[in-house]
Amino acid sequence: MTTTTTYNTKVFLSIERPNGQVEEVDVTGRFAAPIHPTIMAKITAATAQAGKGKVIKSYSVTTKGTRELSAVDLVDISYERITKAMNI
């Protein structure tokens with residue numbers, strides 16, 4: 001079987017809570033990596049205004065993996081190549 005490389009990126013915020021504890025919050029479903037500076041400023045301000053703590057930083061973690069392609073995946077790839085070649 002044919003395999004393909006996959007990449008999985010997760011986005012995290014480091015937040016110092018009012019009690020002094022630093023928490024790593026997974027915000028992958030809400031923000032794409034990297035978080036734009038304007039959006040980061042809004043997140044920082046909203047977190048402070050809500051009294052939830054101070055945002056220290058944002059960072060992303062990307063993991064690389066592989067998976068086997070099924071027959072359906074191979075047909076999809078072939079179809080995409082054909083339609084690109086025909087400019088459809």
- Task: Go through Asp26 and Leu13 one step at a time and tell me if the side chain to side chain contact (heavy atoms under 4.5 Å, CB included) criterion holds.
- Result: CA-CA 7 Å; Asp26 183 354; Leu13 293 176; over 6 Å; no
Would you compute the distance between atom [atom1] of [X] and atom [atom2] of [Y] and round it to the nearest 0.5 angstrom?
X     : Y     : atom1 : atom2 : value
Lys52 : Glu23 : NZ    : CD    : 10.5 Å
Arg67 : Leu69 : CZ    : CG    : 5.5 Å
Ile43 : Ser58 : CD1   : OG    : 7.5 Å
Ile82 : Met86 : CD1   : CE    : 8.0 Å
Tyr7  : Lys64 : OH    : NZ    : 4.0 Å

- Query: Do Glu68 and Thr3 have a side chain donor and acceptor closer than 3.5 Å?
  - Reply: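 Distance-only check fails for Glu68 and Thr3.
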- Assess the side chains of Thr9 and Thr62: does a donor N or O sit below 3.5 Å from an acceptor N or O? yes
- Locate the shortest heavy-atom distance separating Gly51 from Pro18; write the atom from each residue and the value.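 Closest heavy-atom pair between Gly51 and Pro18: O-CG, 3.4 Å.
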- Message: Could you go through Lys54 and Glu16, starting from their C-alpha distance and side-chain angles, then the distance that decides it, and tell me whether this counts as salt bridge (Lys or Arg N to Asp or Glu O under 4.0 Å)?
- Response: CA-CA 5 Å; Lys54 176 184 172 186; Glu16 183 179 357; 5.3 Å; no
- Message: Between Ile39 and Ile15, is there shared hydrophobic-cluster membership here, with clusters defined by ILVMFWY side-chain heavy atoms closer than 4.5 Å?
- Response: yes
- Same cluster or not: are Ile56 and Val11 linked, directly or through other Ile, Leu, Val, Met, Phe, Trp or Tyr residues, by side-chain heavy atoms under 4.5 angstrom apart? no
- ring-ring contact (aromatic ring centres under 6.0 Å, His included) against Phe31, all qualifying residues, sequence neighbours excluded: none
- Charged tip of Lys57 within 45° of Tyr59 ring normal and under 6.0 Å: yes
- Query: CD of Glu24: more than 12 outside heavy atoms within 6.0 angstrom?
  - Reply: yes
- Message: Looking at Leu74, is its backbone amide N or carbonyl O close enough to the side chain of Ser78 to form a donor-acceptor pair, meaning the two atoms are under 3.5 Å apart?
- Response: no
- Query: Given the rule in the side chain to side chain contact (heavy atoms under 4.5 Å, CB included) test, do Val27 and Lys10 qualify, once you have shown the distances and angles that lead to the verdict?
  - Reply: CA-CA 8 Å; Val27 294; Lys10 292 200 169 269; over 6 Å; no
